[in-house]
Each structure stands twice: as C-alpha cells, then as structure tokens.
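Computation of the quantities below employed the complete heavy-atom set of this structure, encompassing side-chain atoms and omitting hydrogens, waters and symmetry-equivalent molecules. Letters A, B, ... mirror the listed sequences (proteins, then strands); counts begin at 1.
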Amino acid sequence: MSKFLIIDGNSLMYRAYFALPDLMNSEGLHTNAIYGFSMMLIKLLDEEKPDYIAVAFDKKAPTFRHKEYSAYKGTRQSMPEELIEQVDILKDVINAFNIKTIEIEGFEADDIIGTVSKIASENGLKVLIVTGDRDALQLVSDGVKVKICKKGITQMEEYDEKAVIERYEVTPRQFIDLKGLMGDKSDNIPGVPNIGEKTAIKLIKEFGSIENVLMNTDKLKGKIRENIENNTEMAVLSKKLATIERNVPIEIDLSEYQMKDYDREKLIDLFEKLEFTSLINDLKKDADDIREVKEWPVRDFKYVRELLKREDTVSFYPLILEGEVKAVSFATDDEIFFVEVDDYEEFKLLDNEKFALICHDIKDFFVNLSYHGIELKCKFYDTAIMTYLLNPSESNYDIGRVLKKYLKEDIPNIEDILGKGKSKKSYDDIDKKLLIDYLCATASKLSKLKDKLMSFIKEMEMEELLNNVELPLVEVLKSMEVYGFTLDKDVLKDLSKEIDEKTDKIIKDIYDAAGYEFNINSTKQLSEFLFDKLNLPAIKKTKTGYSTDMEVLVELMPYNEIVGEIIEYRQLMKLKSTYIDGFIPIMDKDDKVHSTFKQIVAATGRISSTEPNLQNIPARDEFGRRIRKAFISSFQGGYIVSADYSQIELRVLAHLSEDEKLIESFLNNEDIHLRTASEVFKIAPEKVTGEMRRRAKAVNFGIVYGISDYGLSRDLKISRKEAKEYIDNYFDRYKGVKNYIDSVVKFARENGYVTTILNRRRYIPEINSKNYNQRSFGERMAMNTPIQGSAADIIKMSMVKVYNELKARSLKSKLILQIHDELIVDTSPDEVEIVKDLLKTIMENVIKLRVPLVVDIGCGKNWYDAK
DNA sequence: GTTCTCACG
DNA sequence: ACGTACGTGAGAACA
C-alpha cells in the first residue's frame with residue numbers, strides 16, 4: 001500500500017528553531033530552523049520512503065477559530081524576528097526538494113492535515129502525519145498514524161490507535177473531548193476550570209464524550225459537577241476549538257503530491273547560501289547514482305595525430321595527478337577515446353595555431369606542460385571561464401556541477417574515483433575502468449556545453465570580454481606562475497633572526513606580566529589573561545568569546561603597557577609564520593616561489609593568488625614592508641619594475657558617474673583626497689588640514705565600497721551623525737556621483753545584476769531581499785562591483801597587452817605579478833628603460849576613459865626599493 | 001572543519 | 001530599530 005507523508009510545517013519549523021542553538025550564515029542570516037527542518041526532512045524521507053508527500057503551513061489570516069473565540073491563541077507570542085526571516089527560505093528549500101506546500105486562507109496547518117489525511121485515506125493510502133503537536137493524535141485511525149517529535153530534532157514517537165489508547169487511555173476521537181475538558185494553555189483554549197488531565201481522562205473513560213458527560217452531570221458529585229454544570233458552554237466551545245477540521249474546502253489531486261527526486265542544483269545552491277556544508281556533502285554522496293560504467297576505446301597518440309588531420313576542433317579533458325598529466329580523453333562528434341600519457345613530447349602534436357581544444361579549466365594543464373618545457377600554441381575554449389563569466393558568484397566551477405546545471409547531464413563523481421583526503425589514491429591504485437569512463441564521459445559533453453555557454457555569452461554581450469581578455473589571460477597567468485618570483489633566502493633568514501630576537505624578549509615580558517606562561521597565539525588564553533587576570537574591559541564579543549583583535553587591543557593600550565607588546569608580538573608572529581616560515585619550504589631549487597593565480601574565484605572579476613598568496617605581501621607597515629627586500633629579480637644584476645595605477649577605482653568612478661567635479665579633479669591632476677576634503681568640509685584647499693584629508697580619504701574609500709554612515713563612523717571613530725554629515729556633504733558636492741550610485745542600485749533592483757566597463761556581469765539577488773541586512777549588503781555590492789570590476793577589467797587588458805608586447809619584442813624581462821592595480825615585471829638590467837616605458841605607455845592607454853589613467857613607475861633591486 | 005585574526009588592493 | 005564598510009587568502013588554535 002502506498003504511503004502519504006504529511007508534515008506540519010509550522011510545528012516542525014518551531015521545533016527546529018527552539019531545539020537548535022542560534023546558527024547564522026556569514027551574511028548574518030539566522031538558519032537554525034531551516035537547518036533543523038532540513039535534517040528532519042532528510043531523515044524522514046530516508047526512513048519512511050513515502051510515495052506521496054506534502055508540507056502544510058498556517059496562513060496568517062485569522063482562522064474560523066478566531067471568529068468563534070476571539071481569545072483563541074491569544075497568549076501565543078508572535079513569531080520571533082529570527083524565525084520570520086527563515087520562513088520564506090525554508091519554503092524554498094522544501095520546494096527544492098520538489099515537495100509541495102499547502103496553505104489555505106482561514107485554516108491552520110492542522111486542518112489541512114486533517115483534510116488531506118482524510119482524502120488520502122479514502123483513496124486507499126496509508127497516511128503518516130509528522131508534527132510536534134499532540135493535537136494531531138485525534139486524527140489517528142486505522143491507516144493513519146502520527147509521528148510526534150519527542151525531544152531535540154531527531155527523536156520521534158509514532159502513534160497508531162493502540163499506542164494512543166495505551167498512552168492516554170482514550171481513543172483518538174476522544175482525545176478532542178479530553179482537550180475540551182482540560183483546555184490547552186498554549187492555544188488559550190479555556191476548557192473547564194480545575195479539570196486537569198487526570199480528571200478529564202477519568203470522565204471520558206466513563207462517559208465516552210463531552211456530550212455524554214454533560215447529559216449525565218447528575219451522576220457526578222461535588223466540585224467537579226459544579227464546575228462542569230457552570231461551564232457547559234465553555235466545554236462545548238473548547239471541544240469545537242480543539243477539533244481539527246477535516247473538511248476544508250480544497251481540491252486535492254493526489255497525483256500532484258507524488259514523490260519526486262529533489263532538484264539537486266537548486267538544493268545545493270540554497271544549502272551553499274545557507275552554509276550547510278555537511279548537508280551538501282551528504283547530498284553529493286547520496287547522488288552517487290547507480291550509474292552504469294560504460295566501456296570506451298583506449299587509443300594512443302598516433303591515433304590522435306590521425307584524428308587531428310580530420311578535425312580542427314576537439315574536446316579534451318586531462319587528468320593531472322601527482323604533478324603529472326597521467327591521462328587524457330579526446331572527443332569529437334564521431335568518436336570518444338582515452339589515451340594514457342607516457343611521453344610529454346607527444347603533446348607537441350597539439351602545438352598548432354589552426355586547431356582548437358575545447359576544455360574545462362585548462363590553465364593547470366598548460367602550466368604543467370610548461371614545466372616540462374612544452375608550450376602549446378593551439379587555440380582553446382575554456383568552459384570553466386565561460387561559466388564564470390555567466391555567473392561569477394558560484395562557489396566553484398567543477399565540471400560535474402557545470403554539466404548538471406547547463407546540460408542536466410550526470411558524470412561520475414571524481415572524488416569517488418580518485419579518493420580524497422587520507423584515502424586519496426595513487427594513480428596506479430585507481431580503478432582504470434572508472435577513470436576512463438569519467439574522462440571520456442566528460443570530454444564527450446564539452447562541445448555541447450561550449451555551444452550552450454557561448455549562446456548565453458553572446459546573449460549577454462560578453463563575447464569580447466571572453467575572447468579579448470579572459471581567454472588570452474590564461475596564457476599570461478600561466479607564464480607568471482611558471483616563471484615565478486625569486487626570493488633572497490639570506491634576507492629572509494636575517495629578518496627571521498631579527499624577529500626571533502624581538503619576540504623572545506616580548507614573550508618574556510608578557511609572561512612576567514601574567515605571572516604564568518600561556519599561548520599568546522590562542523585568543524582564548526589571551527582573553528583569559530586580558531579580561532580575567534588584568535580585568536581589562538571587554539570591548540566586543542565574538543561568536544565564541546571576547547574579541548582580542550587589533551581594534552580591541554588598541555583601545556586597551558592606555559590601561560596597561562603590556563598590551564602594546566601583545567600587539568607587537570602579533571605583528572611579528574604574523575610576519576614570521578606567514579611570510580617567512582610559510583615561504584621557505586615552497587621555494588624551488590632556483591629560490592623561486594610559484595603562486596597559482598585564480599581566474600574564476602573573485603565575484604568582481606579580480607584575479608586571486610594562492611600558495612603562496614603574493615597579493616598580500618606586507619606594504620602598509622614599515623617593518624613588515626621589509627619582507628619585500630627579499631623579493632628580487634631573477635636576472636643577474638636585474639631589477640624589479642613596478643607599475644601601479646594611481647587612484648584607478650576613483651578614476652573609474654569618475655568615468656562611470658561622469659561627475660563634473662571628479663572629472664575636473666583628475667583632468668587637473670589634483671590631490672584627490674585634498675579636493676574631497678575641501679568639498680566635504682567646505683573650505684579652501686589650502687586650509688585643509690592633514691586630519692581633514694585623512695577623513696576625506698576615508699570618505700572616498702567609503703564611496704567606492706558602497707557607503708554607509710555606520711561603516712564610515714566606525715572607520716573614523718566618529719559619531720553616526722557626523723559620518724552622515726560627511727556623506728551628505730559629499731553627495732551635495734558630487735551630484736554626479738550621487739546620481740550614478742542611485743541609478744546603479746536602481747538598475748540592480750530592476751535587473752538583478754550590475755555590469756562593468758567590459759560588460760562583465762555580477763548577479764545580486766540580495767538586493768531585493770526583505771531582510772534589511774541582506775538588502776543593504778546587496779546595495780553595497782551593486783555600488784562597489786562596477787568600480788572594482790571595471791578596474792579589474794582594465795588591468796587585465798593591460799596584462800594581456802604587456803605580456804604580448806614583451807613577447808613580441810623578444811624581451812627577456814617577464815611580467816610576474818599583478819596586485820589588482822599594480823603590475824610587477826622582473827627586468828633584465830639592459831631592458832630597464834624599455835620596460836618602464838612599455839608599461840607606462842600600455843597601461844595608460846589601454847582604454848580611453850573620461851579621465852586620464854595615470855601610472856606610477858618604480859624600479860629597484862628588490863620589490864621594497866621598487867616604490 | 002570552523003573560528004579568529006590579519007595581510008593586501 | 002536595525003547593524004556592515006568592498007574584494008581576497010593563510011596560519012594557528014580549537015573542537
């Protein structure tokens with residue numbers, strides 16, 4: 001017999017909300033109710049394997065019970081704010097499970113459940129009701145069971161008729177009579193005064209129903225009789241209120257509630273947004289379909305050579321493992337096959353300008369080949385980059401996800417084949433049949449994927465961005481990675497020694513001050529010292545305790561001398577662990593470090609740098625800056641040439657906003673922060689003080705970040721009111737900026753996305769959120785992304801041009817690093833002037849804006865001196 | 001694996 | 001009344 005599972009959505013949602021601690025995602029959205037509900041739902045689906053399913057919710061409008069009895073649920077607290085914001089998202093989650101929700105005006109979830117269970121029962125289905133509310137026990141009958149949450153979110157108790165009678169000594173139908181007599185505090189159902197569970201059970205067992213009790217009050221005695229006779233109306237009303245309506249006027253087409261597979265993509269997206277990592281992993285495991293392993297032909301490179309004579313475009317998917325390309329798959333319209341790699345020289349047959357590969361996230365392959373001395377001139381499409389352009393906010397662009405999303409196709413899960421973490425397999429241990437299946441299945445779909453993505457790219461007018469910037473950039477980044485940045489080990493060692501000596505002394509001082517030794521790196525132990533031992537005031541809290549960050553420590557400085565030493569210790573430790581100890585082991589035999597540049601990570605279009613991150617080498621603090629002395633040229637007697645865009649983001653803002661004053665400032669090559677100070681503080685430029693300029697600079701930053709008075713006041717440590725005045729003054733003086741910001745937010749609200757100068761796009765779903773925080777966040781993203789993203793567009797164009805120019809002129813000097821508004825070229829001593837000139841010319845003229853682009857060039861024996 | 005802190009533009 | 005400045009990555013501690 002088929003089973004219909006019907007869930008009381010409100011009840012379980014509340015249960016989850018109260019049972020779990022206050023969870024939050026990084027955007028500040030509370031998630032505990034959604035998380036708990038999802039856990040319960042997954043468990044139920046797994047255990048019950050229903051054939052039909054529905055979730056019922058209350059509807060806000062007053063129900064017939066309120067009309068009957070105005071005080072109904074009168075004592076009920078209104079839903080907490082933290083739960084309200086979860087309701088709609090929870091419904092989205094349920095929806096992503098492909099489960100229908102039912103809500104009906106004027107009825108509670110209970111009534112819907114009563115009605116649906118009745119209909120399902122009449123149609124010969126078994127029914128299981130899941131709720132946290134014992135009232136539902138009245139619905140139990142032959143074929144209808146009720147599951148009630150016991151405690152927490154995982155423990156439940158199942159009731160059939162027998163179980164109800166055992167537990168409550170009355171039948172399910174009599175459960176209503178029971179409640180009519182007892183009343184119900186939580187629903188504010190009055191019942192009969194002074195009759196509790198014990199008496200009620202006794203009466204109902206004896207008389208069978210409230211009506212029968214009322215007709216036979218003469219058989220009762222004393223207080224009980226008195227109470228009942230004086231409250232007959234109450235008893236009847238209470239029973240009515242407690243009775244679940246089983247004839248709600250709805251049409252139920254059972255077939256609509258048949259269990260379907262959940263919408264994997266949608267659910268994973270939602271869970272990612274909610275940051276339910278463990279649930280995502282469960283889903284992924286769960287989807288290890290009972291997929292048939294196909295057999296594919298295994299060929300060799302000789303065969304590939306023949307193939308390339310016939311085809312000018314071939315799909316291609318490599319497996320890189322243990323630092324080597326172990327195997328590859330090829331696919332055309334006509335054939336798909338696997339090739340094992342035993343000689344890198346074979347790849348040279350791909351070195352052909354006339355011929356194109358279709359691949360997914362191909363840079364690593366090119367990098368690997370380059371380390372083996374092989375450079376391929378072939379054209380290529382990269383479906384990962386294309387997918388990134390279509391939506392740069394995805395958390396990753398794994399081929400499996402992309403194929404699922406755009407082609408609704410499944411391929412095997414790579415982690416199952418290669419293993420992960422501790423159980424990661426070596427190439428020889430991999431099941432070849434599974435591997436071949438994976439590589440070939442993937443390659444076989446790339447062409448279709450590329451066509452589909454390309455049609456979207458064209459639709460969104462990002463073809464030029466793709467072809468002129470992002471795809472050519474792959475080779476540039478490859479070259480930067482492979483070439484690397486040379487470090488001077490001795491400089492690092494000397495600095496390390498200096499740091500050790502300083503920290504030794506500081507550690508002693510801190511231990512002396514404490515009177516005991518502890519781990520200063522531990523925020524927990526440090527806060528014990530600061531806030532318990534020294535009794536310093538705790539300034540702010542973190543999720544887990546008191547904060548000990550820089551801002552707090554600076555505030556604590558006046559209280560105790562040791563705080564200053566803690567700050568210094570922190571700075572020194574950071575320098576040592578991240579930039580010295582972190583770098584030495586990753587230097588190669590030539591004392592170079594090779595970062596990996598990520599092209600499909602940052603949602604604004606920037607590139608990022610990892611292992612090591614060369615984009616966050618200390619610069620602001622003088623001591624930390626000395627690390628840069630270790631970054632030197634690879635050339636004997638060579639130079640580091642640095643070229644950075646001056647105020648690129650504000651120039652982009654001037655261009656986008658067409659603000660007259662801002663444009664004028666840049667045309668006249670003014671000190672931009674000074675000018676802003678003069679405007680905001682409404683005084684002559686020569687009267688602007690250093691402090692005013694500093695504040696104006698913060699205002700300019702704020703404008704770029706998507707300003708708020710709160711953020712500015714925090715940064716400048718001024719009142720909200722004062723911050724607001726600055727902002728108002730700014731917008732009053734820079735009307736073009738104001739108009740631009742308003743219009744970009746409006747555009748985002750209406751279209752759901754914003755764009756950059758090169759038409760790069762970022763979606764901002766948060767902008768229409770009902771949650772204030774989320775919406776504000778969306779608005780700031782809408783303001784910031786066109787600015788940050790356009791700056792990224794510009795420097796990316798420059799990178800491609802600089803790289804190509806260095807190459808075209810056969811210069812030895814190499815572009816080795818980009819830091820968002822700055823390019824670094826490792827320069828041969830005989831090419832210094834050429835490189836400086838080339839950088840300045842290309843970068844300043846790479847695009848024509850309404851204001852000039854200005855590039856400052858620095859040059860030195862090391863990165864520190866290149867300023 | 002998550003949290004805190006801090007490095008950069 | 002609400003409560004965050006935008007975009008990244010990495011090391012250490014802790015659970």
Can you find a side chain N or O atom of [X] that sits less than 4.0 Å from OP1 or OP2 on [N]?
{"X": "Asn521(A)", "N": "dA13(C)", "value": "yes"}
{"X": "Lys524(A)", "N": "dA15(C)", "value": "yes"}
{"X": "Asn519(A)", "N": "dA13(C)", "value": "yes"}
{"X": "Arg780(A)", "N": "dC6(C)", "value": "yes"}

[X] [atom1] to [N] [atom2]: how many Å, rounded?
{"X": "Glu822(A)", "N": "dG7(C)", "atom1": "CD", "atom2": "P", "answer": "22 Å"}
{"X": "Glu766(A)", "N": "dT4(C)", "atom1": "CD", "atom2": "C1'", "answer": "13 Å"}
{"X": "Lys540(A)", "N": "dG3(C)", "atom1": "NZ", "atom2": "C1'", "answer": "13 Å"}
{"X": "Phe597(A)", "N": "dG9(C)", "atom1": "CZ", "atom2": "C1'", "answer": "13 Å"}
{"X": "Ile617(A)", "N": "dA10(C)", "atom1": "CD1", "atom2": "P", "answer": "11 Å"}
{"X": "Glu611(A)", "N": "dT8(C)", "atom1": "CD", "atom2": "P", "answer": "18 Å"}
{"X": "Gln774(A)", "N": "dC6(C)", "atom1": "CD", "atom2": "P", "answer": "13 Å"}
{"X": "Gln818(A)", "N": "dT8(C)", "atom1": "CD", "atom2": "P", "answer": "14 Å"}

**Q.** Atom of Leu614(A), atom of Phe631(A) and distance for their closest heavy-atom approach
**A.** CD2-CE2, 3.8 Å
Q. What about Tyr772(A), does its side chain sit under 3.5 Å from the base of dG3(C) through a donor-acceptor pair?
A. yes
Touch class at under 4.0 angstrom, heavy-atom based, for [X] against every strand present:
{"X": "Arg620(A)", "result": "base"}
{"X": "Thr578(A)", "result": "sugar-phosphate"}
{"X": "Arg720(A)", "result": "base"}
{"X": "Ala698(A)", "result": "base"}
{"X": "Asn616(A)", "result": "base"}
{"X": "Asp715(A)", "result": "base"}
{"X": "Glu649(A)", "result": "nothing"}
{"X": "Met573(A)", "result": "nothing"}
{"X": "Met781(A)", "result": "sugar-phosphate"}
{"X": "Gln525(A)", "result": "sugar-phosphate"}

Q | Sidechain N-carboxylate O distance under 4.0 Å for Arg760(A), Glu470(A) | A | yes
Q | Pairing of Arg695(A) and Glu722(A) as salt bridge, 4.0 angstrom limit | A |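 Salt bridge between Arg695(A) and Glu722(A), a charged N being under 4.0 Å from a carboxylate O: yes.
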[X]: partners by side-chain contact (heavy atoms from CB on, under 4.5 Å), with sequence neighbours left out:
{"X": "Asp488(A)", "value": "Asp490(A), Val491(A), Ile632(A)"}
{"X": "Asp709(A)", "value": "Arg720(A), Ala723(A), Lys724(A), Ile727(A)"}
{"X": "Glu725(A)", "value": "Lys721(A)"}
{"X": "Ala654(A)", "value": "Leu662(A), Ile663(A), Phe666(A), Val851(A)"}

I'd like the [atom1] distance from [M] over to [N], given in whole Å.
{"N": "dA5(C)", "M": "dC4(B)", "atom1": "P", "result": "14 Å"}
{"N": "dC8(B)", "M": "dG3(C)", "atom1": "P", "result": "31 Å"}
{"N": "dT5(B)", "M": "dT4(C)", "atom1": "P", "result": "15 Å"}

Q: Could you check Asn784(A) against Lys598(A) and say which one's nearest nucleotide on DNA chain C is further toward the 5' end?
A: Asn784(A)
Q: Return the 5'-most residue of the pair Val601(A), Asp709(A) with respect to DNA chain C, ranking by each residue's nearest nucleotide.
A: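 Its nearest nucleotide lies further toward 5', so the answer is Asp709(A).
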Q: State the dot-bracket string of DNA chain C. Criteria: Watson-Crick or G-U wobble, both atom distances under 3.5 angstrom; notation: ( ) intrastrand, [ ] crossing earlier pairs, | interstrand, . unpaired.
A: .....|||||||||.
Q. So which nucleotide from dA10(C), dT4(C), dG7(C) ends up closest to the side chain of Gln788(A)?
A. dG7(C)
Q.
Check whether Ser496(A) reaches the backbone of Leu492(A) with its side chain - one donor and one acceptor, N or O, closer than 3.5 Å.
A. no
Q.
Let's see if you get this right: which residues in residues 602-610 of chain A place a heavy atom under 4.0 Å from DNA chain C?
A. Ala602(A), Ala603(A), Thr604(A), Arg606(A), Ser608(A), Ser609(A), Thr610(A)
I'd like to check the ring-ring contact (aromatic ring centres under 6.0 Å, His included) partners of [X]; sequence neighbours left out, ordered by chain and number.
{"X": "Tyr546(A)", "answer": "Phe531(A)"}
{"X": "Tyr726(A)", "answer": "Phe681(A)"}
{"X": "Tyr803(A)", "answer": "none"}
{"X": "Phe518(A)", "answer": "Tyr516(A), Phe529(A)"}

Q | Atom CZ of Phe731(A) with >12 non-hydrogen neighbours under 6.0 angstrom | A |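 Result for CZ/Phe731(A): enclosed.
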Q. Taking any atom under 4.0 angstrom from a heavy atom of chain A, which nucleotides of DNA chain B are the first and last to qualify, 5' to 3'?
A.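 That gives a stretch of dT2(B) to dG9(B).
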Q | Contacts of Lys533(A) that satisfy salt bridge (charged side-chain N to carboxylate O under 4.0 Å, His left out) - sequence neighbours left out | A | none
